[in-house]
Amino acid sequence: KEAGLGIITLNQPNVLNALNAKAYEELYEVAELADQDDGIQVLIFHGAGRGFCAGDNITDGDLLKKRTPMGAYQYILGLQRVFNRIEAIKKPVIAAIHGAACGGGLELALVCDIRIAAESARLGLPELKLGALPCIGGTQRLPRLIGTAKTKELLFTGKLLPAVEAERLGIINQVVPDGRELEEAVSMANVIKERSSLALHMAKAAVDQGRNHDLYTALEIEARNDAMLFDTADFREGMLAFSEKRPPVFRGR
């Protein structure tokens with residue numbers, strides 16, 4: 001934690017930060033803690049070493065231990081619970097991506113609000129090469145970003161996208177020179193944290209909730225969320241600061 005930012009580092013570089021059962025448990029715990037910490041206004045996910053996250057660690061045997069379809073189903077629901085919890089964090093969440101973001105690594109990035117990638121980063125969902133499919137949101141969140149046809153192409157071929165192409169498709173928000181991804185994420189986070197935390201929460205909720213409804217229901221959600229801000233000290237401060245031609249000082253109230 002530093003100056004209103006929380007940086008969550010995936011720190012198993014010897015396996016390209018591949019995730020095992022313990023890592024999933026810790027991700028859930030840190031998401032809970034960060035969401036409840038009023039000292040954190042923006043979160044950043046980053047990977048130690050040569051890559052962001054290579055997905056599940058299939059070499060440690062966790063996946064193969066789930067021998068029956070029902071056992072696998074329960075295991076997968078547990079993984080989805082972790083990523084759903086990260087997606088539900090009320091604060092803005094940025095993924096700073098370098099190296100590989102494959103399988104579960106890309107699915108982790110997809111539950112973040114904004115994705116910044118180094119030029120040499122590669123992103124994809126190669127699970128079909130293993131006789132499996134993405135199961136932590138890849139088949140559902142990705143088509144909401146880039147459409148069904150392109151998602152099927154990436155799934156069926158298993159190819160890894162260069163960062164520039166991922167940006168063109170809308171998976172990545174911004175591509176930066178290698179080694180600058182975390183720096184740029186921090187820079188963006190520092191801009192975001194100047195906004196009212198209440199307004200950020202309501203804006204994120206309006207987008208995330210509205211996408212699951214028809215346009216007119218979503219507009220109702222938007223109107224409700226904005227109206228709830230009118231009775232806050234932050235809203236009054238924002239209006240006053242604008243009229244006085246000075247930067248606002250928001251306090252999250």
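- Among residues two or more places apart in sequence or in another chain, the salt bridge (Lys or Arg N to Asp or Glu O under 4.0 Å) test is passed with Arg253 by none.
- A donor-acceptor pair under 3.5 Å links the side-chain atoms of Glu107 to the main chain of Ile136, judged by distance alone.
- For residues 160-172, the set of pairs meeting the salt bridge (Lys or Arg N to Asp or Glu O under 4.0 Å) definition, not counting sequence neighbours, comprises Glu165-Arg168.
- Hydrophobic clustering places Ile146 together with Phe156 (ILVMFWY residues linked when any side-chain heavy atoms are closer than 4.5 Å, directly or through intermediates).
- Among residue pairs with one or both ends in residues 138-154, those qualifying as salt bridge (Lys or Arg N to Asp or Glu O under 4.0 Å) are Glu87-Arg141, Lys150-Glu153, Glu153-Lys159; sequence neighbours excluded.
- Cluster note: Tyr73 groups with Met70, Leu77 through ILVMFWY side-chain heavy atoms spaced under 4.5 Å, whether in direct contact or through intervening members.
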Item to complete: Just do the salt bridge (charged side-chain N to carboxylate O under 4.0 Å, His left out) check on Asp37 and Lys1 with the steps written out, would you?
Response: CA-CA 10 Å; Asp37 189 333; Lys1 294 194 301 181; 2.8 Å; yes

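- Using modelled atom types, no side-chain atom of Gln80 and backbone atom of Gly137 make a donor-acceptor pair closer than 3.5 Å.
- Of all non-hydrogen atoms in Ile44 and Ala189, the two that sit nearest each other are CD1-CB, 4.1 Å.
- In this structure the side chain of Leu123 never reaches within 4.5 angstrom of the side chain of Leu160, judged on heavy atoms.
- A distance-only check finds no donor-acceptor pair linking the side chain of Asn11 to the backbone of Ala48 [under 3.5 Å].
- Between Val93 and Phe45 there is a side-chain heavy-atom pair separated by less than 4.5 Å.
- Looking at Glu181, its side chain never comes within 3.5 Å of a backbone N or O of Ala118 through a donor-acceptor pair.
- In this structure, Ile89 and Ala31 approach most closely via the heavy-atom pair CD1-CB, 3.9 Å.
- Nearest heavy-atom pair, Ile171 versus Leu110, reported as atom, atom and distance to 0.1 Å: CG2-CD2, 4.4 Å.
- Within the structure, ring-ring contact (aromatic ring centres under 6.0 Å, His included) contacts touching residues 84-116 (residues at least two apart or in different chains) are His46-His98.
- Counting heavy atoms from C-beta on, the side chains of Leu79 and Asp56 come closer than 4.5 Å.
- Test Leu128, Leu125, Leu142 against Leu154 for side chain to side chain contact (heavy atoms under 4.5 Å, CB included) and you get one pass: Leu142.
- Identified under the side-chain hydrogen bond (donor to acceptor under 3.5 Å, both in side chains) test for residues 222-233, with sequence neighbours left out: Gln209-Arg224.
- Scanning for side chain to side chain donor-acceptor pair (under 3.5 Å) contacts around Lys129 gives an empty result, with sequence neighbours left out.
- Across Cys53 and Leu10, no two heavy atoms sit closer than the pair CB-CD1, 3.8 Å.
- Atom CG of Asp38 has 12 or fewer heavy atoms from other residues, nucleotides or ligands within 6.0 Å.
- Judged as a ring-ring contact (aromatic ring centres under 6.0 Å, His included), not a single pair has a partner in residues 167-218 (not counting sequence neighbours).
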Worksheet item: Would Asp214 and Thr217 count as a side-chain hydrogen bond (donor to acceptor under 3.5 Å, both in side chains) if you check the C-alpha gap in whole Å, the side-chain angles of each, and the deciding distance to 0.1 Å?
Response: CA-CA 6 Å; Asp214 64 87; Thr217 303; 2.7 Å; yes

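- Residue pairs that meet the salt bridge (Lys or Arg N to Asp or Glu O under 4.0 Å) test with at least one member in residues 114-127, sequence neighbours left out, do not exist here.
- By the rule that hydrophobic residues join a cluster once side-chain heavy atoms approach within less than 4.5 Å of another member, Val111 and Val42 end up as members of separate clusters.
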Practice prompt. Before giving the answer on side-chain hydrogen bond (donor to acceptor under 3.5 Å, both in side chains), spell out for Tyr28 and Asn84 the whole-Å C-alpha distance, their side-chain angles and the decisive distance to 0.1 Å.
Written response: CA-CA 9 Å; Tyr28 190 93; Asn84 291 346; over 6 Å; no

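- Side-chain atoms of Asp234 do not come within 3.5 Å of backbone N or O of Ser196 as any donor-acceptor pair.
- Applying the ring-ring contact (aromatic ring centres under 6.0 Å, His included) definition to pairs two or more places apart or across chains, those involving residues 219-253 are Phe230-Phe235.
- Annotation: side chain of Gln41 is not in contact with side chain of Lys91 (no heavy-atom distance under 4.5 Å).
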Item to complete: Show your working on side-chain contact (heavy atoms from CB on, under 4.5 Å) between Lys193 and Leu5 and close with a plain yes or no.
Response: CA-CA 8 Å; Lys193 76 176 187 180; Leu5 306 184; 4.1 Å; yes

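- Between the side chain of Thr151 and the main chain of Gly147, a donor-acceptor pair closer than 3.5 Å is present.
- In terms of heavy-atom proximity, Ile192 sits nearest to Pro92 at CG2-CG, 3.7 Å.
- For the side chain to side chain donor-acceptor pair (under 3.5 Å) test, residues two or more places apart in sequence or in another chain that qualify with Asp113 are Lys204.
- For Glu29, the side chain to side chain donor-acceptor pair (under 3.5 Å) criterion is met by no residue, not counting sequence neighbours.
- Annotation for Phe83 and Gly104: closest pair CE2-O, 3.6 Å, computed over non-hydrogen atoms.
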